[in-house]
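Every chain is numbered from 1 and lettered A, B, ... according to where its sequence line falls, protein lines coming before strand lines.
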There are 2 protein chains.
Amino acid sequence: MARATVQDVARTAGVSVGTVSRVLNGSPAVSESSKAKVAAAIRHLNYRPLASARDLRRDRTMRILALAKNLYSPVISEVFRGAGDAAALSGYVTLIAPTAGDMEREQQLVDMLRNGSVDGLIMFSPTMPDDDVEEMAEQLSVVQVCEIADAEAAFGVSIDDRQAAFDITRHLIRTGGRRLAMIGTRVARSGRLREEGFRRAVAEAGLSPDHMLFTDGDFDFHAGRHLARELLGMRPLPDAVFCGSDTVAAGCVREISDAGLRVPGDIAVAGFDDSIQAEMCVPELTTIRQPAYAMGQLAFEALLARMTEPEGYRRGRTFLPHELVVRDSTNG
Amino acid sequence: MARATVQDVARTAGVSVGTVSRVLNGSPAVSESSKAKVAAAIRHLNYRPLASARDLRRDRTMRILALAKNLYSPVISEVFRGAGDAAALSGYVTLIAPTAGDMEREQQLVDMLRNGSVDGLIMFSPTMPDDDVEEMAEQLSVVQVCEIADAEAAFGVSIDDRQAAFDITRHLIRTGGRRLAMIGTRVARSGRLREEGFRRAVAEAGLSPDHMLFTDGDFDFHAGRHLARELLGMRPLPDAVFCGSDTVAAGCVREISDAGLRVPGDIAVAGFDDSIQAEMCVPELTTIRQPAYAMGQLAFEALLARMTEPEGYRRGRTFLPHELVVRDSTNG
DNA sequence: CACTTCTTTGGAATCGATTCCAAACATTAC
DNA sequence: GTAATGTTTGGAATCGATTCCAAAGAAGTG
C-alpha cells in the first residue's frame, strides 16, 4: 500500500489538487461542500502531506535542532525543556542531539542547519573552537545557551557565570573559609568564567587560592571524587571548596565524608546549578540557581527572532539573574 | 546571498546538472576533469544540497527519531547513546525528542514518521495506550525499547523485567527480608512487570507483601521520598523495600535515614537500573544492571531491519540479560 | 436582463536534487 | 577505415505539495 499523494486525494474527492491543498492549509476560499469531500477523501486514504515536498516548496521546516555534548545533565535537560515548550507555542518542533564531544558528529549535525533539515540551531556545549562557533553564529540562525563563545560578538543567553562564582565564593569566605580550593573544568567557557569569579572573590578578600584542580575530561560524580581525593592529599588542607557543578560537588562531598572528615565542619563545599543533585546530596548543597528553563525559553525566542527577522537580529548575549541558594554543605 | 542550487553549480562549473549530481553522489561515471571543475564550483559557491529536495527525490531521510517522556534519566540517555552510535555506523542521524508525557506532543512527534520527516522511530516510554502503540508498530517502522507494549505482538528490545524484579526480591529475602514492601509505578508497563516479579518472589518464599506503594505521576527522587514517608507511617514497618528505580531508591534511603533508621540495618533497600545514582547514594545501592547501551544498539539494529527489509521484520521482542549488583543497601 | 463583484475552482508552474535515456565522444578491435 | 564497445555527458522527467493566475460560477445591483 503505497503512500497517498495530494493527487490521489484530489481524484478521490473529485476536486483539483489546488483545492486539496487549500483545505489542507485552511485557506478560507473553499466551499463547505469541497471541504467535506476533501476531508472524507483524506480520512479514507489515510493521507498525510509528505514533509519533504512541503518543506521544499515552503522553504522551511518548522523544526529546530538543539545540540549538547550529552543529555544526562540536569541543566541541559531543563534548558531544552524550556526551549521545547517555547518552540511548541510558535509551532516549531524541537529536536535534540548529543554530540558526545565529537567534532565530526557535531559538524554533521550543524550541517543539518546548512542543508535546510532544520530552520535553526540552539547550541549548548560546543565542541568546535570558539572562533568557529562565532563565525557560524554570524551567518546562520544559531543561538548559544549557557556556554557562550565570546563576549560581545555572539548571540546567546546565559547567566553571568563570573559573577555567580564570585557570589558563592564570597559566601564561602563570609562563612569562615580561609583556605580556598576550586574544582572545575576548563573545557567549557563557563568553566573558565567561573574560575575567574572564584579568583576575584578570593583576591578581594585579601586571600589567595590554595589549590586549583581542573579536569579536561568528563565533569561528573566520578571526576568530583577523583579530584577531591587528589585535593585531600594536598597541604594545607582546604577548609572550603567551590565546585563547578552540583554533581561534581556531590562527588567531592562523598570523598571527603569517606575520608572521615565532616562537611561542612572540616571542609565546606559549594556546588553550582541548583539541580536535583544538590538536594540528593547529604548534606544538601549550597549552590547557585541557574534559571535553566527560562534560559531555554529565551534562547528559543532569540532564535525565532533570528529566523524570522532576517537582518533584525539582536547581537550580543542576554543575561538572566542567578541566585545563591544556601543549604547545609556550607557553614551557617 | 541566496542559497546556491545544483543549477548554479552546473553553470559555474560549465557542466550539466546531471554531472554535478553524479559528482555529489560519487558516481564512477565522471571524468577527473569534470570532478575537479564541479568540486571547485561547489567550494566557490559554498554549495550544500538541499535536504528536502534530496529527501523528496530519494524517498528517505537517513534520520530516525527517538522518543521518551523525559531526557534526564540515566537509562534513557544511555539507551539513546547506544542507538545513536549504532545508527551513525549505518549513516543515520538520530534525533531525540521528549514528549513530556503529553499525548498531543507525542502524537505530533509520531506524525514525523508518518509524514516522512524521519525514516524510523524508537519509542522508550510511550504515553499513548498500549493498543495504539501496537497498532502503530504493526504498520510503521517503529521499535520499542525497555517499555514494551505487549508480549508477543510488539517489536522491541528489553530485559526481562519480571525476572529481574524476581531476582532482586529473592535477594532481599535471602538476606533476611521478611516484611517486604515495594515502591513502584504502574504508569509504565515495565513497572507492572516488576510488580509481578516482586509478588512472585514474595509468594514463592511463602510470604505475602506487606505494603505496595505506587505513584501514577513522576517517578523520581521526590516521589521516592514521599512514598517512603508514607511507608514509614505504616505498620508493620517493613524490613526490606524494593524500589522500581535507583533514583526512587535514593529518595527512599534518604527518607529512612532522615527518620533515624539505618539502611540496611533497620530496612534494606534495593534499586533498579544500576545507574550512577546507585553509586551516588549512601549507602550504595544493591540494584539490577540493565545493559542500556547495548539495548539501544540492538534497538537500532532491529529498526534498521524493519526499515530496509520491507516484510522481513522479526516480530516479537528481544531480551537482553540483566545482572544483580550487590552493594551496601542490602544485608551481607 | 445585463453587468459588476465576489467566491470558488482547476491546473500549470515551481521548489531543487536525482535518475534515466539517448547522444556524443573516445577507445579498441578487426 | 569501419564497426563494436566503453566512457562520459546533457537534459528532460520525476518526486509531491503549494501557489498563482485565469476562468467559471454565484450573488447582488440597477
NA contact type, [X], heavy-atom cut-off 4.0 Å: base, sugar-phosphate, or nothing?
| X | answer |
| --- | --- |
| Asn25(B) | sugar-phosphate |
| Ser31(A) | sugar-phosphate |
| Val15(A) | sugar-phosphate |
| Ser52(A) | nothing |
| Val6(A) | base |
| Arg22(A) | base |
| Val30(B) | sugar-phosphate |

According to a strict under-4.0 Å criterion, is [X] in side-chain N/O contact with OP1 or OP2 of [N]?
| X | N | value |
| --- | --- | --- |
| Ser16(B) | dG10(D) | yes |
| Tyr47(A) | dA17(D) | yes |
| Ser34(A) | dT8(C) | no |

Counting heavy atoms from C-beta on, name the nucleotide in dG16(C), dT9(C), dA17(D) closest to the side chain of Arg57(B).
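For Arg57(B), the side-chain atoms sit closest to dG16(C).
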Can you tell me which residue pairs pass the salt bridge (Lys or Arg N to Asp or Glu O under 4.0 Å) test with a partner in residues 56-66 of chain A, sequence neighbours excluded?
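Checked against salt bridge (Lys or Arg N to Asp or Glu O under 4.0 Å) - neighbours excluded - the pairs reaching residues 56-66 of chain A are Asp55(A)-Arg63(A).
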Give me the bend of the helix from dC1(C)-dG30(D) to dC30(C)-dG1(D), using the axes of the five pairs at each end, rounded to 10°.
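End axes: 50° apart.
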Report yes if a donor N or O on one partner sits less than 3.5 Å from an acceptor N or O on the other, where the partners are the side chain of Arg58(B) and the base of dT18(C); otherwise report no.
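A donor-acceptor contact between them is absent.
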